[in-house]
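Each chain gets a letter, A, B and so on, in the order the sequences are listed, and its residues count up from 1.
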Protein chains: 2
Amino acid sequence: MRVLVATCAVDYSGRLSAHLPLATRVIMVKADGSVLVHSDGGSYKPLNWMSPPCTVRVTPPSVEQAADGVREVWTVSAAKSEDQLVIALHEVLHDVSHDLGVDPGLVKDGVEAHLQKLLAEQVQLLGAGHTLVRREFPTAIGPVDLMVRTPGGASVEAGVPVRHVAVEIKRRATIDAVEQLTRYLELLNRDPLLAPVRGVLAAQSIAPQARTLAVDRGIACLVLDYDAMRGVDDPDSRLF
Amino acid sequence: MRVLVATCAVDYSGRLSAHLPLATRVIMVKADGSVLVHSDGGSYKPLNWMSPPCTVRVTPPSVEQAADGVREVWTVSAAKSEDQLVIALHEVLHDVSHDLGVDPGLVKDGVEAHLQKLLAEQVQLLGAGHTLVRREFPTAIGPVDLMVRTPGGASVEAGVPVRHVAVEIKRRATIDAVEQLTRYLELLNRDPLLAPVRGVLAAQSIAPQARTLAVDRGIACLVLDYDAMRGVDDPDSRLF
DNA sequence: AAGTTCAGATCGTCC
DNA sequence: GGACGATGTGAACTT
């Protein structure tokens with residue numbers, strides 16, 4: 001890892017074109033050759049960058065560039081595309097290098113997979129008497145997050161008692177989640193062993209447009225309270 | 001801006017929980033107080049971070065932590081949420097600070113807005129005689145990128161001449177874009193003043209599955225050549 | 001290798 | 001101020 005603080009101008013060309021005027025910035029060069037250009041604000045996203053695999057070629061400035069104060073020109077080229085980042089280095093204020101070694105990696109907790117596991121253990125949140133058929137219920141167009149069986153005659157749709165519920169789980173549900181669940185339901189309801197299958201969209205938050213579309217398509221919405229669900233960790237409470 | 005190279009362990013708690021074991025990393029502290037923790041690989045995204053507005057509080061280690069080699073504990077707290085980042089600093093290998101000033105900012109070219117503007121000026125790419133009704137044509141479920149009027153009797157659908165074309169513009173069109181345009185068309189075709197409305201998916205690149213679905217739904221696909229469209233800046237050439 | 005899905009997204013814009 | 005769409009998304013996993 002090499003970190004520089006330097007005045008520089010940057011040009012990116014590739015999927016789009018982007019230009020950074022001359023200013024003082026932080027440049028990080030990682031061990032894999034990837035480059036990040038950060039300003040002193042904004043977000044965690046660099047102003048410009050090049051993803052690995054890529055290579056850095058350092059060249060002296062042209063006579064004209066040298067007259068403008070350019071000391072070095074870095075050309076960062078992507079290995080598998082035409083993407084290119086050109087950094088015109090002017091004054092270098094700091095320049096440190098260090099071998100960091102391989103990072104042991106990030107351990108996460110609380111993502112969608114946990115929501116799915118918790119709801120699978122607490123299917124009664126979908127209604128008393130519901131039982132889990134299985135998580136990641138396979139279909140031809142991909143797995144349904146949860147397939148649940150309702151108690152006998154729990155509800156009736158078009159004169160036929162609904163016996164199965166397909167659940168799509170999201171941290172934040174948008175209109176895309178409704179489309180996804182709709183595709184699953186269309187397919188599942190062609191299976192006479194399952195049909196009619198009702199749909200439930202379960203999420204920590206549901207966008208208003210998603211809720212509107214879901215209701216319009218007869219899909220129920222269930223807002224999940226992650227903290228409350230995590231609090232219910234008594235194994236006895238899972239069995240009803 | 002302050003940049004450190006240091007061995008550290010990091011814990012994040014907030015929307016989820018994440019833990020970073022002890023290792024050597026780069027820590028950036030920006031002028032607005034935001035913090036980024038980078039490893040020597042991965043992408044431009046930090047392993048952990050805290051977005052502004054936030055505050056950093058530095059405290060001495062507990063006796064137990066000190067025995068483990070912790071020199072300082074940084075507690076980074078978000079101003080408007082419970083999110084918290086705790087950095088246990090062990091050995092500090094580099095520590096540099098510099099005032100970068102305000103960045104003049106990034107200038108972008110070639111994003112979807114440019115494509116929309118160019119196609120609005122070159123609607124003849126949709127067919128000779130087509131004229132622009134308006135960009136961002138409003139509907140109840142959001143604006144259609146372009147609404148275009150065809151020349152009289154340009155084509156016939158179900159015995160009725162098509163007079164309007166709704167255009168969805170993307171840099172890269174995926175199946176989502178087809179779904180989006182389908183929702184617009186369903187709505188627009190309920191309006192007797194507009195119906196029948198044909199759909200066109202215009203993009204620099206169109207995913208094979210998106211093209212298949214579009215064709216299946218009677219939506220035309222148009223691949224846009226950004227460089228060529230940008231080259232057409234002669235007003236005379238627009239009128240054919 | 002290509003497609004699908006998730007992620008602590010951030011950012012601008014428009015209502 | 002909330003909602004919604006775009007972004008040079010990246011990374012893991014499946015097919």
Visitor: In whole angstrom, give me the gap between the C1' atoms of dA9(C) and dT5(C).
Guide: 15 Å
Visitor: Nearest to the side chain of P208(A), heavy atoms from C-beta on, is which of dA11(D), dT10(C), dA3(D)?
Guide: dA3(D)
Visitor: For dT10(C), does OP1 or OP2 lie under 4.0 Å from any side-chain N or O of S51(B)?
Guide: yes
Visitor: Quick check on DNA chain D: between P143(B) and G42(B), whose nearest nucleotide comes earlier from the 5' end?
Guide: P143(B)
Visitor: Phosphate oxygens OP1/OP2 of dT9(D): is one of them under 4.0 Å from a side-chain N or O of K45(A)?
Guide: no
Visitor: Go through the side-chain N and O atoms of K170(B) and Q180(B) and say whether any donor and acceptor fall under 3.5 Å apart.
Guide: yes
Visitor: Is the phosphate of dC4(D), meaning OP1 or OP2, less than 4.0 Å from a side-chain N or O of Q209(A)?
Guide: yes
Visitor: Could you state the CZ-C1' distance from R211(A) to dC4(D), rounded to the nearest angstrom?
Guide: 17 Å
Visitor: Provide, to the nearest angstrom, the distance between the CG atom belonging to L85(B) and the P atom belonging to dG8(C).
Guide: 13 Å
Visitor: Rounding to a whole Å, what distance do you find between K108(B):NZ and dG8(D):P?
Guide: 3 Å
Visitor: Suppose you measure atom C1' in dG5(D) against the same atom in dT9(D); what distance do you get, rounded to whole Å?
Guide: 14 Å
Visitor: When you measure from the side chain of R171(B), which nucleotide among dT9(D), dT5(C), dA9(C) comes out closest?
Guide: dT9(D)
Visitor: Please tell me which of the listed nucleotides, dG8(C), dG8(D), dC4(D), lies nearest to the side chain of R15(A)?
Guide: dG8(D)
Visitor: Of all the choices, dG8(C), dA11(D), dG8(D), which nucleotide is nearest to the side chain of L16(B) once you look at every atom?
Guide: dG8(C)
Visitor: Tell me whether R230(B) is salt-bridged to D109(B), with the criterion being a basic N under 4.0 Å from an acidic carboxylate O.
Guide: yes
Visitor: Is the phosphate of dT10(C) approached by W49(B) (side-chain N or O, under 4.0 Å from OP1 or OP2)?
Guide: yes
Visitor: Side chain of A207(A) only, heavy atoms from C-beta on: which candidate in dC4(D), dT9(D), dT5(C) is closest?
Guide: dC4(D)
Visitor: Stacking here means centres under 5.5 Å and planes under 30°; does Y12(A) stack on dG8(D)?
Guide: yes
Visitor: Measure from CG on L36(B) to C1' on dT10(C) and round the result to the nearest Å.
Guide: 12 Å
Visitor: Students often mix this up, so state it plainly: with edges at 30° and 60°, are the rings of Y226(B) and H114(B) parallel, tilted or perpendicular?
Guide: perpendicular
Visitor: Within the pair R172(A) and dG8(C), is there a side-chain N or O less than 4.0 Å away from OP1 or OP2?
Guide: no
Visitor: Could you check how far CD1 of I206(A) sits from C1' of dG2(D), rounded to whole Å?
Guide: 17 Å
Visitor: Which comes earlier along DNA chain C counting from the 5' end, the contact point of I141(A) or that of Y44(A), where each point is its nearest nucleotide?
Guide: I141(A)
Visitor: Taking CG from L106(B) and P from dC11(C), how many angstroms apart are they, rounded to a whole number?
Guide: 12 Å
Visitor: Just by distance, no angles: are the side chains of R57(A) and S77(A) close enough, under 3.5 Å, to form a donor-acceptor pair?
Guide: no
Visitor: May I have the distance from E168(B) (atom CD) to dC4(D) (atom P), rounded to whole angstrom?
Guide: 16 Å
Visitor: Would you call E136(B) and R134(B) a salt bridge, using N to O less than 4.0 angstrom?
Guide: no
Visitor: Given that N48(A) and I175(A) both sit by DNA chain D, which one's nearest nucleotide is further toward the 5' end?
Guide: I175(A)
Visitor: Let me know the distance between CD of E112(A) and C1' of dA7(C), rounded to the nearest Å.
Guide: 10 Å
Visitor: Does R135(B) CZ have over 12 foreign heavy atoms under 6.0 Å away?
Guide: yes
